[in-house]
Amino acid sequence: MSLSFILSFHCPDRSGIQSKVSSLLYNNDAFLTDVQSYSDKDAHTFFSRIVFSVSSEKAINKINSEIKTLSDELNMVWSIDDQGKKVKTIIAVSKLGHCLNDLLFRAKYRNMPIEIVGVVSNHKDFREIVEFNDIPFHFLPIEKNLDSKKKQESLFQKVVEDSGAEMIVLARYMQILTEELSNKWFGKCINIHHSFLPSFKGANPYEQAFSKGVKIIGATAHFVTPDLDEGPIIEQNIERISHYDNIEDLIRKGNDIESIVLARSVRWHAEKRVLINGNKTVVFT
């Protein structure tokens, strides 16, 4: 029986890193099926993602032990994950459901490597479609005051913890997370913003774009940080528009881009293809 795993890591750059890691795997009879790496000369950091297979649990246990020893030598931040594992995911949504619906479909019918363990919303609009897919729906309303927001976010965090979620996806969730929650889930919380960042941050970006008469609109998926729409960018895409397009046209075209960009980012993160590099990312696609 063959068992497949993903080793992803980064460490201070130096000569021979990939050779040391590959040799360690080879010496444990691992079969390498995909090897990607990147050396950031400005940050002096080396990044790598290696997919490999072994024949037994004993072999992977030995590799884990030896990688730990090597990581001390190379000052590596690393993880080894089962390639077939689906990442437990909480999706948060407000009143626009195109990204949610797309992720529900991809998770069920397009081999998206996530297990959606719950959907959180401050509105009831999508309860029916979520529960139709046998997924728990958590209605957590928010009133327009700070105490209500803190209470709601505490309940949000309890849903995440109780579900065992490993990733949060903000699928057009039109609430700003507090600094505490943003920091706690840094690198594991992905947001879709309906503009080509860094342009048109914050609310109503399509209206902002229309008023500026732009010729290209886009969408950006990024990791959430306490600074609004400033987190490391994972993926972006664009579409050309013209003076014939009104705001409704921009929104319609933009919704399609948002769904695609978010789906790519969620898949890549679940497949351990995204490594954070300061305020940027390395994405092995």
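This is a predicted model, so every value here is computed, not measured.
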Decide whether S8 and S79 meet the rule of one side-chain donor and one side-chain acceptor closer than 3.5 Å.
yes
With rounding to the nearest 0.5 angstrom, report the CG to OG distance, N28 to S65.
9.5 Å
So do F284 and W268 actually touch side chain to side chain, heavy atoms under 4.5 Å?
no
Set of ring pair (Phe, Tyr, Trp, His ring centres under 6.0 Å) partners for F126, sequence neighbours left out
none
Mark yes when over 12 heavy atoms from residues, nucleotides or ligands other than E128 sit less than 6.0 Å from its CD; otherwise mark no.
no
Under a 4.5 Å cut-off applied to non-hydrogen side-chain atoms, are L262 and L103 in contact?
yes
For a 4.5 angstrom cut-off between non-hydrogen side-chain atoms, does E73 reach K20?
yes
For F9 and F46, take the angle between the two ring planes, folded into 0 to 90°, and tell me which bin it lands in: parallel under 30, tilted 30 to 60, perpendicular over 60.
tilted
Minimal heavy-atom distance between R273 and Q36, with the atoms involved, is NH1-NE2, 3.8 Å
What's the spacing between L100 CG and N133 CG if we round to 0.5 Å?
8.5 Å
What's the spacing between S2 OG and F52 CZ if we round to 0.5 Å?
10.5 Å
Pairwise side-chain contact, R172 with S94, heavy-atom cut-off 4.5 Å (strictly under)
no
With heavy-atom distances below 4.5 Å as the criterion, would you say the side chains of V51 and Q83 are in contact?
yes
Should we count CZ of R110 as having more than 12 external heavy atoms under 6.0 Å?
no
Taking the side chain as everything from C-beta on, heavy atoms only, tell me whether Q175 gets closer than 4.5 Å to K149.
yes
Are I6 and I80 side-chain neighbours, meaning at least one heavy-atom pair lies under 4.5 Å?
no
Which is it for K85 and E271 under the salt bridge (charged side-chain N to carboxylate O under 4.0 Å, His left out) test, yes or no, and what are the steps along the way?
CA-CA 9 Å; K85 176 189 173 185; E271 293 176 347; over 6 Å; no
Supply the atom-to-atom distance H193 NE2 to L228 CG, rounded to the nearest 0.5 angstrom.
7.5 Å
Quick one: are T89 and E115 in side-chain contact, heavy atoms under 4.5 Å?
no
